[in-house]
Number of protein chains: 2
Amino acid sequence: MLAAERRDHLLALLANEGKIVAKDVAAGLGISEDSVRRDLRDLAAEGLCQRVYGGALPVSPAVVDYAARQAVTPDAKQKVASVAAGLVPPGGVLILDGGTTALAVARALPKDLACTVITHSPTIAAALLDHPQAEIFLLGGRIFKHSAVACGAAAVEAAQNVSADLCLLGVTGVHPEAGLTTGDAEEAAMKRALAARAAETYVLASSEKIGTASRFRVLPWAEVSGLITDADPHDAVIEQLKALGVEILAAD
Amino acid sequence: MLAAERRDHLLALLANEGKIVAKDVAAGLGISEDSVRRDLRDLAAEGLCQRVYGGALPVSPAVVDYAARQAVTPDAKQKVASVAAGLVPPGGVLILDGGTTALAVARALPKDLACTVITHSPTIAAALLDHPQAEIFLLGGRIFKHSAVACGAAAVEAAQNVSADLCLLGVTGVHPEAGLTTGDAEEAAMKRALAARAAETYVLASSEKIGTASRFRVLPWAEVSGLITDADPHDAVIEQLKALGVEILAAD
DNA sequence: ACGATACATGCAGAAACGTGCAAGAACAGG
DNA sequence: CCTGTTCTTGCACGTTTCTGCATGTATCGT
């Protein structure tokens, strides 16, 4: 059995049965559990399944979204979001990325702040509906289900027509050499397009992302104004970033 | 049964029944009460449920509401939405307007329907995230807070670049002479732009809108394929519309 | 106040996990 | 055809996580 064939088999299984039990699949196909686990790990990295103890489950944006809406935002993200929200001046124009941290920023914006928010996330646009003074501009395009944001050519094109004072970007990896990274190429391109349209770009990264890198680069450090994080300011990685000239905004 | 699966099961149970009794679940799934209690403890820690003696309850009434909102949708809109959802063929391209009735349509679409939905409503885009087979295309633009949809020049321009088989339009007034009307000029223009991009246009209108007119005209009857409503087919206004050549799809 | 039930905690066996390693297959270049 | 490289795969190992049970404590209903 070819590796790619196995991969398809797993995805089909996931679609048909709604779950994968590593042990059963290994026994069924006559291969080792290690291979199954490796495949699942890869699929999960690509956002095609959700890895859980014992196997995998389908990525369920509904559940994620549902959980994100109801769950108390983790403390770290909350702190980062508060600091980020403080960067937005009255009357300012903000480009806000998608993702849970950015959503926390949207919620952290003062309810009566008169500003303009440009976003490619329908979730964030919806969250800002109860900010009566905020002008919301939505960037359209094909919705990328994994992270629930508009991506692709149309979205990038739409982004070309806006300009902003500040861009707040969420990423999955923050690494001194690799720069800012994320797990999907389309998303990386979109974030790049957003950052290019703002005078200043600040990155939102809770501490667990510091020192890690994902597959696709978003931006090098030269194009980033600063990093907003709850990580220890004396952390080795943070110190390295400071040496690179990155402004560090501590959230704690 | 996977641990994560069990967790989902608990959340689903919570949403559907509004409560969880640890003992019953343990017996039902054939696992120890300890495991159930541990899961509930974890879920509570994440803010996804409220732990109580003997089991758990939803964190807030809003949670049950979220799952049950489908049912909570006024009956009339629900019926209209069901009929409308039935018009969408597998593989079809649908333009879906904003508004509560259209939202009901989005929810009424079969979860595994492979179709493309084009919308200018971030709310509807978000609601469609849990339709894994649906391709979502979001039309961007300035968000009109009143109805939470993208409107204005940018949105109309974005609409020019798409084409669809079917357009489902919500309106506030349905009148034999006035045609379809709504309360805002920008919205009316946007709806017009959407209808122009689809081969067929059907209007969603629960009975209370029949025979009324708002300030701004959306479309004349000549450009509408049909009307989906729960109003009595023998209603005087409905009869008039039939005479005008409007196809009436009764929802009851 | 009492018994019954639910609970948290610690513990131990089992299962799943990640990692390093080596054997083998696939492949490119000479 | 041979050789070196890369990638895949299964195995072994130590580690982490899960689960059910036992224990003692807290809470509930009567």
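Every value quoted in this text rests on a predicted model; they were computed, and no experiment measured them. Just the heavy atoms: all of them, side chains too, but no hydrogens, waters or symmetry mates, feed the values below.
Rounded to 10 degrees, the angle separating the terminal axes of the helix from C:dA1-D:dT30 to C:dG30-D:dC1 is 50°, with each axis obtained from five end pairs.
A:Arg192 meets the side-chain hydrogen bond (donor to acceptor under 3.5 Å, both in side chains) test with no other residue; sequence neighbours excluded. Residues meeting the salt bridge (charged side-chain N to carboxylate O under 4.0 Å, His left out) test with A:Arg197, sequence neighbours left out: none. Shown here are the salt bridge (charged side-chain N to carboxylate O under 4.0 Å, His left out) partners of A:Glu200, two or more places apart in sequence or in another chain: there are none. With sequence neighbours excluded, no residue satisfies salt bridge (charged side-chain N to carboxylate O under 4.0 Å, His left out) with B:Arg51. In this structure B:Thr123 satisfies the side-chain hydrogen bond (donor to acceptor under 3.5 Å, both in side chains) test with no other residue, sequence neighbours excluded. Legend: residues meeting side-chain hydrogen bond (donor to acceptor under 3.5 Å, both in side chains) with B:Arg38, ordered by chain and number and at least two apart, are absent. Applying the salt bridge (charged side-chain N to carboxylate O under 4.0 Å, His left out) rule to A:Arg41 yields no partners; only residues at least two apart in sequence or on another chain are considered.
Side chains of A:Thr201 and A:Glu223: no donor on one and acceptor on the other come within 3.5 Å.
As a whole-Å value, the separation of B:Arg41 CZ from D:dC18 P is 13 Å. As a whole-Å value, the separation of A:Asp39 CG from D:dC7 P is 16 Å. One atom, CD of A:Glu5, and another, C1' of D:dT8, lie 15 Å apart when rounded to the nearest Å.
Using a 4.0 Å heavy-atom criterion, one finds that B:Val52 contacts the sugar-phosphate atoms exclusively.
B:His120 places a side-chain N or O within 3.5 Å of a backbone atom of B:Ala150 that can act as its donor or acceptor partner.
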Nucleic acid footprint by protein, nucleotides 20-30 of chain D - heavy-atom cut-off 4.0 Å, B for base, S for sugar-phosphate alone:
BBB---BBS--

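The footprint of chain B on DNA chain C, defined by a heavy-atom cutoff below 4.0 Å, extends from C:dT5 to C:dT9.
Among residues at least two apart or in separate chains, salt bridge (charged side-chain N to carboxylate O under 4.0 Å, His left out) pairs with a member in residues 14-33 of chain A are A:Lys19-B:Glu5, A:Glu33-A:Arg37. Screening residues 95-106 of chain A for salt bridge (charged side-chain N to carboxylate O under 4.0 Å, His left out) gives A:Asp97-A:Lys191 as the qualifying pairs, with residues at least two apart or on separate chains.
The nearest heavy atom of DNA chain C to A:Lys23 and to B:Arg51 marks one nucleotide each, and the one closer to the 5' end goes with B:Arg51.
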